[in-house]
Each structure stands twice: as structure tokens, then as C-alpha cells.
Amino acid sequence: MVAKGPYNRLEGQVALITGANSGIGKGVALEMANEGAKVVINWVFNEESAIEVVEEIKSQGGEAIHLKADVSKEAEVQAMFQSICETYGTLDILVNNAGLQRDNSFWDMTLEEWQKVIDVNLTGQFLCAREAVREFMKRGVRPEISCSAGKIICMSSVHELIPWATHANYAASKGGVMLMMKSLAQEVAPLKIRVNSIGPGAIKTPINTSAWATPAAEKALLELIPYDRVGDPYDIAKAAVWLASDESEYVQGITLFVDGGMTLYPGFATGG
Ligand code: BGC
């Protein structure tokens, strides 16, 4: 769904969404295009799916390109930013979305499983945010485009808050994203650069298919969601558009949980 929306809240802006060829990233890319942004679809595996997202956006009258880069590799991230600036002149919005899981019991977790998750989920967000901040600082505010010099949205998780047994690497990466985001937000606020996170709950995407794909799994998952519905990428996309738009100009350094109440300790609805 990319038919021009009634708002065009991101008109004239360029948005990079990392890991945008599937799941939440794809949903955010489609919705930002729908709001008038030129969208850069970053991917690392499965070029075909990235091409499909670009074509879907173009078929609805939007503008998009796709760029391959492993966000955990400094040289690839820098080449991607250079290519964006060559194509579109600048960048206005970064959605630090690329992320993965390598689940294991703590005692069986390999250093490789630990490192891969930290590299992509945390270091990847650092590398992309650093390049974005450099570009925003260089360019400054263009009042006709946005009242901020740039916006960064970090895709965190309810697990920046909720401990998660057998996912210590993932929870540690998201806890790290939380304080990286807040420290950066504090540092660049005077430059009119806005930095915030979204904390999705359980959203139906390839990363967690086993948690909702069977009726039994979905029933168990719903025990953790007071709102009694598993989320959809569109739920996150709407929040991302708002955080990227001037409607949220005075919002700085927060995590906006979009989780159907998962962070409300649902066990206490009847226990305690
Ligand atoms: C994880 C999903 C999980 C959700 C809620 C997300 O950050 O990637 O696998 O379903 O948190 O626990």
C-alpha cells in the first residue's frame, strides 16, 4: 500500500531504512514512501526481495532505490552513505532497523552467536547513526524541509527492558541500543538532530515465525499481550512515520513501545 497518503508528512525527505527487504523494515519503507519520502532500501541477503520492495513503491508513484551493505562493516556503511548522497544529495531520516537473533541457552552460547548479534544489532546501529549524524551536522536545518537537521529512529525491542532467557545476546544488544540512543540524543539535541527508539513487541515477521505460526504458539504468545492481538509491521510503520515527522518535533531520547501492552507485566493482571 503506497498510494499517496493524504498527509505527505515526509515530502521532500530522504529516508534510509536498514534491513528493509522484509519484516518491520519493509513495512516502514512502504509507509515512509506513502508519506512522500524518497526511500533507500538497504539489504544484505536476498536481492530479489529488495527489488520487489523498490518496485512496489515505484508502482504506486513513489521513489526508491536499493543498496546492499552489511551494517556491521564500517567500509560498507560508509560506501552506502556516499552512494545515497550521490543519488539524492543528502539524507534526512535514518531508521536503524537491521537486526537478527541467534538464540541459545546461556551455557551453550558460542562466542560467534554472541558476537554476531552484538555486531549487527548494536555496532551496526552505531556505524549507521555515526554516518547519519556526520551528514546532518554538515548540512544543518533546511526549514522548508523539516524543523530538525535530521532524525534517527533506532529499532529496539521490548527486550531493552524485559529480560529474555536463552536470548542473552539479543537482550544485551537491545539494552545497549537503549543507552547508545539516549546518550546520542543528549549529545546532538543542540544541533537539532532528533534521536529516538521504537520498542516493538511481538510483531508478525520472519524473525519470530515460530512464536505465532501455529494456533497453539499464538495462544501462548497472546498470554503476554494484554491487547490480545499479535502486532503487524504496519503498527510499527505508523509510529516510525510519526517519529520521523515534525509532528514529534519536541520528542527526544525516548523509546516508544509499540507492543500491545507487553511491557505492562501481564502476569500481574491476575497474580501478585
Ligand atoms: C523479538 C521477537 C519477539 C518479540 C517479543 C522482538 O524483539 O525479535 O522474536 O517475538 O521481541 O518477545
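Atoms within a ligand are numbered from 1 in the order they appear, just like the ligands themselves. Residues: numbered from 1 along the sequence shown.
Closest to atom 10 (O) of ligand 1, if we only count protein heavy atoms, is Asn208 ND2, 3.2 Å. When only non-hydrogen protein atoms are considered, atom 6 (C) of ligand 1 lies nearest to Tyr170 OH, 3.6 Å. Of all protein heavy atoms, the one closest to atom 3 (C) of ligand 1 is Trp164 CH2, 3.7 Å. Closest protein heavy atom to atom 12 (O) of ligand 1: His159 NE2, 2.7 Å. Taking atom 4 (C) of ligand 1 as the reference point, the nearest protein heavy-atom neighbour is Gly201 O, 3.5 Å.
Residue Gln101 has at least one N or O atom closer than 3.5 Å to an N or O atom of ligand 1. Close N/O approach between Ser156 and ligand 1 is not found [any backbone or side-chain N/O within under 3.5 Å].
Taking the six-membered ring where tryptophan is involved, the planes of Trp164 and Tyr170 are perpendicular, since the angle between them exceeds 60° and thus also 30°. Ring geometry for Phe268 versus Tyr265: interplanar angle over 60°, hence perpendicular rather than tilted (30 to 60°).
Side-chain atoms of Asn96 never come within 3.5 Å of backbone atoms of Ile153 as a donor-acceptor pair (strictly under, hydrogens ignored). Side chain of Asp103 to main chain of Thr166: no donor-acceptor pair is present (N/O by atom type, distance under 3.5 Å, no hydrogens or angles). Under a 3.5 Å cut-off, the side chain of Asn121 and the backbone N or O of Ser173 do not form any donor-acceptor pair.
Under a 4.0 Å criterion applied to the non-hydrogen atoms of Ser157, ligand 1 contributes the atoms 6 (C), 7 (O), 11 (O).
Between Ser146 and the choices Glu11, Lys151, Arg9, the side-chain hydrogen bond (donor to acceptor under 3.5 Å, both in side chains) rule is met once, by Lys151.
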